[in-house]
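Before any comments, here is the structure.
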Amino acid sequence: MKKTTDDTSELLSIERYQAEKKDEWNAFVEGAKNATFLFDRNYMDYHADRFADHSLMFYRRHRLCGLLPANALSDGTLSSHQGLTYGGLIVNGEATARLVADMMRLLNDYLRGEGFAKVVYKALPWIYHDLPAEEDLHALTHVCGARLVRRDLSSTIFINGHIRRFDESRRSGLRKAERAQLQVEESTDYQGFWKVLTDNLSERFHVSPVHRLDEMLLLVSRFPSHIRLFVVRRGNDILGGTVLYLTKHVVHTQYISASAEGKKLGALDLLFHYLLNDYDFGRSFFDFGTSASDAPSGVNAPLLFQKEGFGGRGICYDTYEWML
(Lines give C-alpha, C1' and ligand atoms only; values in the text may rest on other atoms or scores of the structure.)
Protein backbone atom coordinates (compact mmCIF):
# COMPACT_ATOMS: atom_id res chain seq x y z
CA MET A 1 0.00 0.00 0.00
CA LYS A 2 1.26 3.46 -0.95
CA LYS A 3 0.11 6.46 1.13
CA THR A 4 0.29 10.22 0.93
CA THR A 5 -1.25 13.14 2.80
CA ASP A 6 -2.84 16.10 1.01
CA ASP A 7 -2.77 19.71 2.14
CA THR A 8 -5.88 19.25 4.29
CA SER A 9 -4.33 16.28 6.13
CA GLU A 10 -6.79 13.82 4.63
CA LEU A 11 -5.11 10.49 4.12
CA LEU A 12 -5.20 8.94 0.66
CA SER A 13 -4.10 5.42 -0.08
CA ILE A 14 -4.03 3.11 -3.07
CA GLU A 15 -4.33 -0.66 -3.27
CA ARG A 16 -4.19 -3.18 -6.06
CA TYR A 17 -7.51 -4.89 -6.70
CA GLN A 18 -7.86 -8.41 -5.30
CA ALA A 19 -10.74 -10.84 -5.83
CA GLU A 20 -11.89 -10.51 -2.22
CA LYS A 21 -12.62 -6.83 -2.97
CA LYS A 22 -15.11 -7.70 -5.71
CA ASP A 23 -18.28 -6.72 -3.82
CA GLU A 24 -16.76 -3.45 -2.66
CA TRP A 25 -15.59 -2.67 -6.21
CA ASN A 26 -19.00 -3.44 -7.74
CA ALA A 27 -20.88 -1.40 -5.12
CA PHE A 28 -18.72 1.63 -5.93
CA VAL A 29 -19.30 1.18 -9.67
CA GLU A 30 -23.05 1.14 -9.04
CA GLY A 31 -22.92 4.48 -7.23
CA ALA A 32 -20.24 6.22 -9.30
CA LYS A 33 -20.89 9.33 -11.37
CA ASN A 34 -19.02 8.05 -14.43
CA ALA A 35 -19.31 4.28 -14.64
CA THR A 36 -21.14 1.71 -16.76
CA PHE A 37 -21.80 -1.99 -16.28
CA LEU A 38 -18.63 -2.75 -18.27
CA PHE A 39 -16.68 -1.84 -15.11
CA ASP A 40 -18.56 -4.40 -13.02
CA ARG A 41 -16.17 -7.25 -12.20
CA ASN A 42 -18.77 -9.74 -13.45
CA TYR A 43 -18.22 -8.18 -16.87
CA MET A 44 -14.51 -7.39 -16.65
CA ASP A 45 -13.47 -10.81 -15.41
CA TYR A 46 -15.04 -12.90 -18.16
CA HIS A 47 -11.71 -12.65 -20.01
CA ALA A 48 -9.42 -12.47 -16.97
CA ASP A 49 -7.13 -15.08 -18.51
CA ARG A 50 -6.20 -12.71 -21.37
CA PHE A 51 -4.91 -9.78 -19.33
CA ALA A 52 -2.59 -9.27 -16.38
CA ASP A 53 -5.08 -7.30 -14.30
CA HIS A 54 -3.55 -4.45 -12.31
CA SER A 55 -6.68 -2.49 -11.43
CA LEU A 56 -6.36 -0.03 -8.58
CA MET A 57 -8.57 1.16 -5.71
CA PHE A 58 -8.17 4.59 -4.08
CA TYR A 59 -9.16 5.25 -0.48
CA ARG A 60 -9.70 8.54 1.37
CA ARG A 61 -9.70 8.20 5.15
CA HIS A 62 -10.11 4.45 4.54
CA ARG A 63 -13.26 4.98 2.43
CA LEU A 64 -13.20 3.94 -1.21
CA CYS A 65 -13.16 7.06 -3.40
CA GLY A 66 -11.97 5.89 -6.82
CA LEU A 67 -11.24 2.96 -9.12
CA LEU A 68 -8.92 2.53 -12.09
CA PRO A 69 -9.61 -0.53 -14.27
CA ALA A 70 -6.21 -1.43 -15.71
CA ASN A 71 -3.82 -4.14 -16.78
CA ALA A 72 -0.05 -4.39 -16.89
CA LEU A 73 2.02 -4.96 -20.05
CA SER A 74 5.37 -6.70 -20.21
CA ASP A 75 7.14 -3.50 -21.33
CA GLY A 76 6.44 -1.68 -18.06
CA THR A 77 3.22 0.02 -19.17
CA LEU A 78 0.06 0.32 -17.11
CA SER A 79 -2.86 0.51 -19.53
CA SER A 80 -6.51 1.31 -19.05
CA HIS A 81 -7.98 -2.16 -19.24
CA GLN A 82 -7.48 -3.40 -22.80
CA GLY A 83 -10.55 -5.60 -22.64
CA LEU A 84 -12.81 -2.54 -22.37
CA THR A 85 -13.78 0.04 -24.97
CA TYR A 86 -13.16 2.90 -22.57
CA GLY A 87 -11.69 3.36 -19.12
CA GLY A 88 -10.31 6.09 -16.92
CA LEU A 89 -10.65 6.99 -13.28
CA ILE A 90 -14.04 6.09 -11.79
CA VAL A 91 -15.21 8.42 -9.03
CA ASN A 92 -18.40 9.36 -7.20
CA GLY A 93 -20.21 12.65 -6.85
CA GLU A 94 -17.99 13.74 -3.96
CA ALA A 95 -14.89 13.86 -6.15
CA THR A 96 -13.56 17.39 -6.58
CA ALA A 97 -10.86 18.59 -8.97
CA ARG A 98 -8.43 18.83 -6.07
CA LEU A 99 -9.11 15.28 -4.90
CA VAL A 100 -8.74 13.86 -8.41
CA ALA A 101 -5.45 15.73 -8.87
CA ASP A 102 -4.18 14.26 -5.60
CA MET A 103 -5.30 10.80 -6.71
CA MET A 104 -3.34 11.16 -9.95
CA ARG A 105 -0.22 12.28 -8.05
CA LEU A 106 -0.59 9.26 -5.81
CA LEU A 107 -1.09 7.03 -8.83
CA ASN A 108 2.17 8.21 -10.39
CA ASP A 109 4.08 7.72 -7.12
CA TYR A 110 2.66 4.23 -6.73
CA LEU A 111 3.45 3.21 -10.30
CA ARG A 112 7.04 4.43 -10.09
CA GLY A 113 7.46 2.42 -6.91
CA GLU A 114 6.10 -0.65 -8.69
CA GLY A 115 8.55 -0.26 -11.57
CA PHE A 116 6.17 1.03 -14.24
CA ALA A 117 7.55 3.44 -16.83
CA LYS A 118 4.49 4.56 -18.81
CA VAL A 119 0.71 4.94 -18.57
CA VAL A 120 -1.87 4.56 -21.36
CA TYR A 121 -5.19 6.08 -20.32
CA LYS A 122 -8.49 5.66 -22.20
CA ALA A 123 -10.85 8.43 -21.10
CA LEU A 124 -14.56 7.77 -20.67
CA PRO A 125 -16.58 9.79 -23.24
CA TRP A 126 -18.82 12.37 -21.57
CA ILE A 127 -22.06 10.86 -22.86
CA TYR A 128 -21.54 8.02 -20.35
CA HIS A 129 -21.34 10.39 -17.34
CA ASP A 130 -24.16 10.68 -14.80
CA LEU A 131 -22.67 13.99 -13.61
CA PRO A 132 -19.89 16.15 -15.08
CA ALA A 133 -16.73 14.11 -14.54
CA GLU A 134 -13.83 15.47 -16.55
CA GLU A 135 -11.65 16.37 -13.57
CA ASP A 136 -9.38 13.56 -14.71
CA LEU A 137 -8.75 15.27 -18.08
CA HIS A 138 -7.65 18.42 -16.29
CA ALA A 139 -5.34 16.40 -14.04
CA LEU A 140 -3.88 14.54 -17.03
CA THR A 141 -2.61 17.87 -18.35
CA HIS A 142 -1.62 19.68 -15.17
CA VAL A 143 -0.44 16.76 -13.00
CA CYS A 144 0.71 14.06 -15.41
CA GLY A 145 1.83 16.05 -18.44
CA ALA A 146 -0.08 13.57 -20.60
CA ARG A 147 -0.40 13.89 -24.34
CA LEU A 148 -3.23 12.82 -26.60
CA VAL A 149 -1.99 9.87 -28.64
CA ARG A 150 -5.19 8.56 -30.23
CA ARG A 151 -8.59 10.05 -31.05
CA ASP A 152 -11.27 7.78 -32.51
CA LEU A 153 -14.49 9.23 -33.87
CA SER A 154 -17.77 7.66 -32.82
CA SER A 155 -21.10 8.47 -34.46
CA THR A 156 -23.72 9.37 -31.87
CA ILE A 157 -27.32 10.51 -31.95
CA PHE A 158 -29.03 12.65 -29.33
CA ILE A 159 -32.27 10.69 -29.37
CA ASN A 160 -34.61 13.54 -28.45
CA GLY A 161 -33.18 15.84 -31.08
CA HIS A 162 -31.61 13.66 -33.75
CA ILE A 163 -31.83 14.04 -37.50
CA ARG A 164 -34.85 11.84 -38.11
CA ARG A 165 -34.62 11.89 -41.89
CA PHE A 166 -32.11 9.35 -43.15
CA ASP A 167 -30.02 10.44 -46.12
CA GLU A 168 -31.08 9.17 -49.54
CA SER A 169 -28.90 6.05 -49.50
CA ARG A 170 -30.44 4.97 -46.18
CA ARG A 171 -33.99 5.81 -47.34
CA SER A 172 -33.41 3.78 -50.49
CA GLY A 173 -32.39 0.79 -48.40
CA LEU A 174 -35.42 1.26 -46.16
CA ARG A 175 -37.74 1.16 -49.18
CA LYS A 176 -36.11 -2.07 -50.37
CA ALA A 177 -36.54 -3.67 -46.96
CA GLU A 178 -40.20 -2.65 -46.77
CA ARG A 179 -40.88 -4.02 -50.28
CA ALA A 180 -39.22 -7.30 -49.28
CA GLN A 181 -41.43 -7.38 -46.15
CA LEU A 182 -38.50 -7.85 -43.80
CA GLN A 183 -39.35 -7.90 -40.10
CA VAL A 184 -37.50 -6.47 -37.09
CA GLU A 185 -37.77 -8.18 -33.72
CA GLU A 186 -35.98 -8.48 -30.41
CA SER A 187 -34.43 -11.93 -30.21
CA THR A 188 -32.51 -14.36 -28.05
CA ASP A 189 -31.11 -16.19 -31.09
CA TYR A 190 -27.50 -15.17 -30.52
CA GLN A 191 -26.30 -18.31 -32.28
CA GLY A 192 -28.13 -17.37 -35.48
CA PHE A 193 -26.85 -13.80 -35.40
CA TRP A 194 -23.31 -14.92 -34.53
CA LYS A 195 -23.18 -16.92 -37.75
CA VAL A 196 -24.09 -13.81 -39.76
CA LEU A 197 -21.58 -11.75 -37.80
CA THR A 198 -18.75 -14.28 -38.01
CA ASP A 199 -19.23 -14.94 -41.72
CA ASN A 200 -19.30 -11.21 -42.47
CA LEU A 201 -16.18 -10.37 -40.44
CA SER A 202 -14.28 -13.32 -41.86
CA GLU A 203 -15.16 -12.48 -45.47
CA ARG A 204 -14.54 -8.72 -45.22
CA PHE A 205 -11.72 -8.37 -42.71
CA HIS A 206 -10.40 -11.91 -42.04
CA VAL A 207 -11.08 -11.49 -38.32
CA SER A 208 -13.42 -12.95 -35.72
CA PRO A 209 -15.74 -11.16 -33.28
CA VAL A 210 -14.02 -9.92 -30.12
CA HIS A 211 -16.40 -12.08 -28.10
CA ARG A 212 -16.82 -15.77 -28.77
CA LEU A 213 -20.44 -16.92 -28.81
CA ASP A 214 -20.08 -18.70 -25.46
CA GLU A 215 -18.59 -15.55 -23.92
CA MET A 216 -21.44 -13.38 -25.17
CA LEU A 217 -24.01 -15.86 -23.87
CA LEU A 218 -22.29 -15.78 -20.48
CA LEU A 219 -22.39 -11.97 -20.40
CA VAL A 220 -26.05 -11.94 -21.48
CA SER A 221 -26.86 -14.31 -18.61
CA ARG A 222 -25.12 -11.94 -16.18
CA PHE A 223 -26.51 -8.68 -17.62
CA PRO A 224 -29.83 -9.53 -19.31
CA SER A 225 -31.25 -6.02 -18.98
CA HIS A 226 -28.07 -4.38 -20.31
CA ILE A 227 -27.29 -6.60 -23.33
CA ARG A 228 -30.00 -7.08 -25.94
CA LEU A 229 -30.21 -8.41 -29.49
CA PHE A 230 -32.40 -7.09 -32.30
CA VAL A 231 -32.51 -8.90 -35.65
CA VAL A 232 -34.04 -8.52 -39.10
CA ARG A 233 -35.68 -11.63 -40.51
CA ARG A 234 -37.07 -12.81 -43.78
CA GLY A 235 -39.19 -15.76 -42.80
CA ASN A 236 -37.01 -17.82 -40.47
CA ASP A 237 -33.72 -16.46 -41.79
CA ILE A 238 -31.73 -13.80 -39.94
CA LEU A 239 -30.47 -11.28 -42.49
CA GLY A 240 -28.92 -8.81 -40.05
CA GLY A 241 -28.94 -7.50 -36.54
CA THR A 242 -27.25 -5.61 -33.75
CA VAL A 243 -26.17 -6.40 -30.20
CA LEU A 244 -26.93 -3.40 -28.02
CA TYR A 245 -25.26 -2.46 -24.73
CA LEU A 246 -27.64 -0.36 -22.64
CA THR A 247 -26.05 1.88 -20.02
CA LYS A 248 -27.80 4.55 -17.96
CA HIS A 249 -27.86 7.17 -20.69
CA VAL A 250 -26.57 5.45 -23.83
CA VAL A 251 -27.63 2.72 -26.24
CA HIS A 252 -24.38 1.47 -27.77
CA THR A 253 -24.15 -0.81 -30.80
CA GLN A 254 -21.59 -3.38 -29.72
CA TYR A 255 -22.01 -5.39 -32.94
CA ILE A 256 -23.75 -4.62 -36.24
CA SER A 257 -23.80 -7.06 -39.12
CA ALA A 258 -25.80 -8.22 -42.13
CA SER A 259 -25.56 -11.08 -44.57
CA ALA A 260 -24.98 -10.49 -48.27
CA GLU A 261 -28.71 -10.81 -48.89
CA GLY A 262 -29.44 -8.53 -45.95
CA LYS A 263 -27.19 -5.84 -47.36
CA LYS A 264 -28.84 -6.12 -50.75
CA LEU A 265 -32.32 -5.79 -49.21
CA GLY A 266 -31.55 -2.92 -46.83
CA ALA A 267 -31.89 -4.94 -43.63
CA LEU A 268 -29.83 -2.58 -41.48
CA ASP A 269 -31.66 0.49 -42.79
CA LEU A 270 -34.94 -1.04 -41.65
CA LEU A 271 -33.40 -2.10 -38.34
CA PHE A 272 -32.12 1.32 -37.36
CA HIS A 273 -35.19 3.13 -38.65
CA TYR A 274 -37.15 1.00 -36.19
CA LEU A 275 -34.72 1.38 -33.28
CA LEU A 276 -34.37 5.15 -33.70
CA ASN A 277 -37.97 6.05 -34.44
CA ASP A 278 -40.31 3.36 -33.15
CA TYR A 279 -38.62 1.91 -30.05
CA ASP A 280 -38.28 3.77 -26.75
CA PHE A 281 -35.16 2.75 -24.82
CA GLY A 282 -35.56 5.57 -22.30
CA ARG A 283 -31.98 6.74 -22.98
CA SER A 284 -30.59 10.05 -24.20
CA PHE A 285 -27.96 8.88 -26.70
CA PHE A 286 -27.64 6.22 -29.40
CA ASP A 287 -23.95 5.55 -29.99
CA PHE A 288 -22.96 3.63 -33.12
CA GLY A 289 -19.36 3.28 -31.94
CA THR A 290 -16.15 4.28 -33.64
CA SER A 291 -15.23 3.95 -37.31
CA ALA A 292 -11.50 3.69 -36.68
CA SER A 293 -9.05 2.93 -39.46
CA ASP A 294 -5.31 3.02 -40.12
CA ALA A 295 -6.00 5.28 -43.11
CA PRO A 296 -4.48 8.81 -42.99
CA SER A 297 -7.96 10.19 -42.23
CA GLY A 298 -8.21 7.94 -39.18
CA VAL A 299 -11.65 6.68 -40.21
CA ASN A 300 -13.19 3.88 -42.23
CA ALA A 301 -14.96 6.17 -44.69
CA PRO A 302 -17.71 3.77 -45.90
CA LEU A 303 -18.56 2.79 -42.32
CA LEU A 304 -18.64 6.42 -41.19
CA PHE A 305 -20.81 7.31 -44.21
CA GLN A 306 -23.32 4.64 -43.21
CA LYS A 307 -23.51 5.80 -39.57
CA GLU A 308 -23.79 9.46 -40.53
CA GLY A 309 -26.52 8.47 -42.96
CA PHE A 310 -28.57 7.35 -39.95
CA GLY A 311 -28.05 10.78 -38.35
CA GLY A 312 -24.97 10.05 -36.23
CA ARG A 313 -22.55 12.88 -35.44
CA GLY A 314 -19.13 12.94 -33.84
CA ILE A 315 -18.12 12.06 -30.29
CA CYS A 316 -14.43 11.44 -29.57
CA TYR A 317 -13.00 8.44 -27.76
CA ASP A 318 -9.59 9.70 -26.58
CA THR A 319 -6.46 7.90 -25.42
CA TYR A 320 -3.68 9.65 -23.49
CA GLU A 321 -0.15 8.63 -22.60
CA TRP A 322 2.54 9.82 -20.20
CA MET A 323 5.91 8.72 -18.96
CA LEU A 324 6.55 8.23 -15.28
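Under the side-chain hydrogen bond (donor to acceptor under 3.5 Å, both in side chains) criterion, D318 pairs with R151, sequence neighbours left out.
A 4.5 Å side-chain heavy-atom check between L244 and F286 finds at least one atom pair inside the cut-off. For the pair Y43/L84, a side-chain contact is recorded, criterion being any heavy-atom separation below 4.5 Å from C-beta on. A 4.5 Å side-chain heavy-atom check between F193 and M216 finds every atom pair outside the cut-off. No side-chain heavy atom of K33 sits under 4.5 Å from any side-chain heavy atom of H129. Two residues are said to be in side-chain contact when any heavy atoms from C-beta on lie closer than 4.5 Å; D189 and Q191 meet this criterion. Between H138 and E135 there is no side-chain heavy-atom pair separated by less than 4.5 Å. Between T242 and L275 there is a side-chain heavy-atom pair separated by less than 4.5 Å. N200 is listed as a side-chain neighbour of K263, based on a closest heavy-atom distance under 4.5 Å.
Judged purely by atom type and a 3.5 angstrom limit, D269 has no side-chain atom pairing as donor or acceptor with the backbone of S172. For the pair T198 (side chain) and W194 (backbone), a donor-acceptor distance under 3.5 Å is present. For E24 (side chain) and K21 (main-chain N/O), no donor-acceptor pair under 3.5 Å exists by modelled atom type. Judged by distance alone, with hydrogens and angles left aside, the side-chain atoms of R313 form a donor-acceptor pair with the main-chain N or O of E308 at under 3.5 Å. Remark: side-chain polar atoms of R60 are not paired, donor with acceptor, to backbone N or O of R63 under 3.5 angstrom. No donor-acceptor distance shorter than 3.5 angstrom exists from the side chain of S202 to the backbone of D199, with no hydrogens or angles considered.
Here the CZ atom belonging to R175 is positioned 4.5 Å from the CD atom belonging to E168, to the nearest 0.5 angstrom. Rounded to the nearest 0.5 angstrom, L99 CG and F58 CZ are separated by 10.0 Å. Rounding to the nearest 0.5 Å places OG1 of T85 at 10.5 Å from CG of D152. The distance from atom NZ of K122 to atom CD of Q82, rounded to the nearest 0.5 Å, is 6.5 Å. If you take NE2 on H252 and CD1 on I227, they are separated by 11.0 Å, rounding to the nearest 0.5 Å. Atom OG of S257 is separated from atom CG of L239 by 11.5 Å, given to the nearest 0.5 angstrom.
The ring-ring contact (aromatic ring centres under 6.0 Å, His included) contacts involving residues 210-242 comprise F37-F223, F37-H226, Y46-H211, H211-Y255, F230-Y279, F230-F281, where partners must be two or more places apart or lie in separate chains.
Contact record, L89 with Y121: N-OH, 2.8 Å, taken as the closest heavy-atom pair. Shown here for M44 and S55, the closest heavy-atom pair between the two residues is CE-OG, 3.9 Å. Of all the heavy atoms in Y59 and M57, the pair that sits closest is OH-CE, 3.6 Å. Nearest heavy-atom pair, H54 versus A72, reported as atom, atom and distance to 0.1 Å: CB-N, 4.0 Å. Considering every non-hydrogen atom in both S13 and L106, the closest pair reads C-CD2, 3.7 Å. Counting all heavy atoms, side chain and backbone alike, G66 lies closest to M103 at CA-CE, 3.7 Å.
A cation-pi contact, defined as under 6.0 Å to the ring centre and within 45° of the axis, links R170 to F310.
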Notebook entry, point to check: Going through the distances and angles, do D109 and R105 end up as a salt bridge (Lys or Arg N to Asp or Glu O under 4.0 Å)?
Noted result: CA-CA 6 Å; D109 288 344; R105 292 187 186 97; over 6 Å; no
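The neighbour count for K264 NZ, taken as heavy atoms of other residues, nucleotides or ligands under 6.0 Å away, does not exceed 12. Within a 6.0 Å sphere centred on CD of E20, heavy atoms belonging to other residues, nucleotides or ligands number more than 12. Heavy-atom contacts from other residues, nucleotides or ligands closer than 6.0 Å to CZ of R150 number 12 or fewer. Residue E178 qualifies as enclosed at atom CD: its count of foreign heavy atoms under 6.0 Å is above 12.
Linking Ile, Leu, Val, Met, Phe, Trp and Tyr whenever their side-chain heavy atoms come within less than 4.5 Å leaves F272 and L304 in two separate clusters. Follow the hydrophobic side-chain contacts under 4.5 Å out from L324 and you never reach L73; the two are in separate clusters. In the hydrophobic clustering of this structure, F116 does not group with V120; members are Ile, Leu, Val, Met, Phe, Trp, Tyr whose side-chain heavy atoms approach within less than 4.5 Å, directly or through other members.
Of the N and O atoms on the side chains of Y86 and T36, at least one donor lies less than 3.5 Å from an acceptor on the other residue. Side-chain atoms of D287 and Y317 form a donor-acceptor pair, as typed in the model, at a separation below 3.5 Å.
Using a cutoff of 4.0 Å between basic side-chain nitrogens and carboxylate oxygens, R41 and D53 are scored as salt-bridged. Note on E114 versus R16: no salt bridge recorded, every NZ/NE/NH1/NH2 to OD/OE distance being 4.0 Å or above.
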